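A short worksheet on the structure shown next.
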Protein chains: 2
Amino acid sequence: MTTPQLTKNQSLVFDVLEKAEGPLSAYTILDKLRDHGFRAPLQVYRALEKLLEYGVVHRLESINSFVACAHPGENCHSHGIVAFAICESCGLVMEFHDHEVDHRLMAWVRGQKFKPEKTTIEIRGLCETCAA
Amino acid sequence: MTTPQLTKNQSLVFDVLEKAEGPLSAYTILDKLRDHGFRAPLQVYRALEKLLEYGVVHRLESINSFVACAHPGENCHSHGIVAFAICESCGLVMEFHDHEVDHRLMAWVRGQKFKPEKTTIEIRGLCETCAA
DNA sequence: ATTGCACACGTTATAGCATAACGCAATTGA
DNA sequence: TCAATTGCGTTATGCTATAACGTGTGCAAT
């Protein structure tokens, strides 16, 4: 799947996320886009919905925030399950993939006849710098 | 670590979760306990905080809900990372552990010198019954 | 016995996250 | 042309979570 041309609002939201140092909440994005005419949360959420669908943005469930995908150019849906390490001190997010983890999880759910749709793996802790 | 004697509020909240068919939100728990004198969200959240600490309740980050641990009697902190499969149709929650997954994830973070504190693995999808 | 501390609890208020419902405008394809 | 789709803006609302303050109780140290 290729990413379609982004609309104006989608581009604005995506740019904010790309330039950000770490994950942002929808309301933080909203604040950053007030000067560009954004007024209501829905403008952000609707753009995010599409960006998530296109695979160029990820949602971090455990902190109710969003990040641009770490793989510019491609989309992430083809990489299998995406995992994140999130620094609770500085907000640094590291994104990674591990096929063996995917296999184990998918093997388990297959054993239960469970049909997976969306998987979340998030490791909260301290990054090297903050742990020192 | 052994679970200390629960207080009245903690017991009430835990009982509600144990008897529930699936995960419950804090506000749903609140509603179920109105007859027992609960009036405010904090009464629920404070009890949940302790129950999470004791390892007898889990928080499902992706759906902002809580479930009683599937291992009555013992606490879950000793089992390594806990993973969940959550049916988006009927709310069924299956809890499981996979040491190989733990090892892979912990090996990865160790390579990054990241210090993990709390890990979330949640697979949303459809259970066997609902997928049929 | 009294003082000081830790802890659970109750209440009010507020902050933070997310969506429902309405209507309008532009685009597309039959 | 007409209907369907999609994006957009606005208002209102609902759901999730915590801050801040005060009360009461049990218990240990002096």
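Proteins come first, then strands; the chains are lettered A, B, ... in the order of their sequence lines, and each starts at number 1. Remember, predicted model here, so these are calculated numbers, not experimental data. FYI, side chains are in, hydrogens and waters are out, and symmetry mates aren't considered; it's all heavy atoms of this structure.
A distance-only check finds a donor-acceptor pair linking the side chain of A:E95 to the backbone of A:A70 [under 3.5 Å]. Between the side chain of B:T28 and the backbone N or O of B:L24, no donor-acceptor pair lies under 3.5 Å. A side-chain donor-acceptor contact under 3.5 Å links B:S65 to the backbone of B:I63. Formation of a donor-acceptor pair under 3.5 Å by the B:Q10 side chain with backbone atoms of B:T7 is found in this model.
Among the protein residues, A:R46 comes within range of the nucleic acid bases, having at least one heavy atom under 4.0 Å from a base atom.
Along DNA chain C, read 5' to 3', the first and last nucleotides having any atom under 4.0 Å from a heavy atom of chain A are C:dC17 to C:dA21. If you walk DNA chain D from 5' to 3' and mark each nucleotide with an atom closer than 4.0 Å to a heavy atom of chain B, the marks span D:dT16 to D:dA20.
When each of A:Y45 and B:F38 is assigned the nucleotide of DNA chain C bearing its nearest heavy atom, the one mapping closer to the 5' terminus is B:F38. Checking B:T7 against A:S25, the closest nucleotide of DNA chain C that is more toward the 5' end is the one next to B:T7.
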The test is side-chain hydrogen bond (donor to acceptor under 3.5 Å, both in side chains); show your working for A:E122 and B:T120 and say whether it passes. CA-CA 5 Å; A:E122 297 177 15; B:T120 297; 5.7 Å; no
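A 4.5 Å side-chain heavy-atom check between B:V101 and B:L105 finds at least one atom pair inside the cut-off.
Remark: B:R46 does not engage B:E49 in a salt bridge, criterion side-chain N to carboxylate O under 4.0 Å. Salt-bridge formation is detected for the pair B:R124/A:E61: a Lys NZ or Arg NE/NH1/NH2 atom is positioned less than 4.0 Å from an Asp or Glu carboxylate oxygen.
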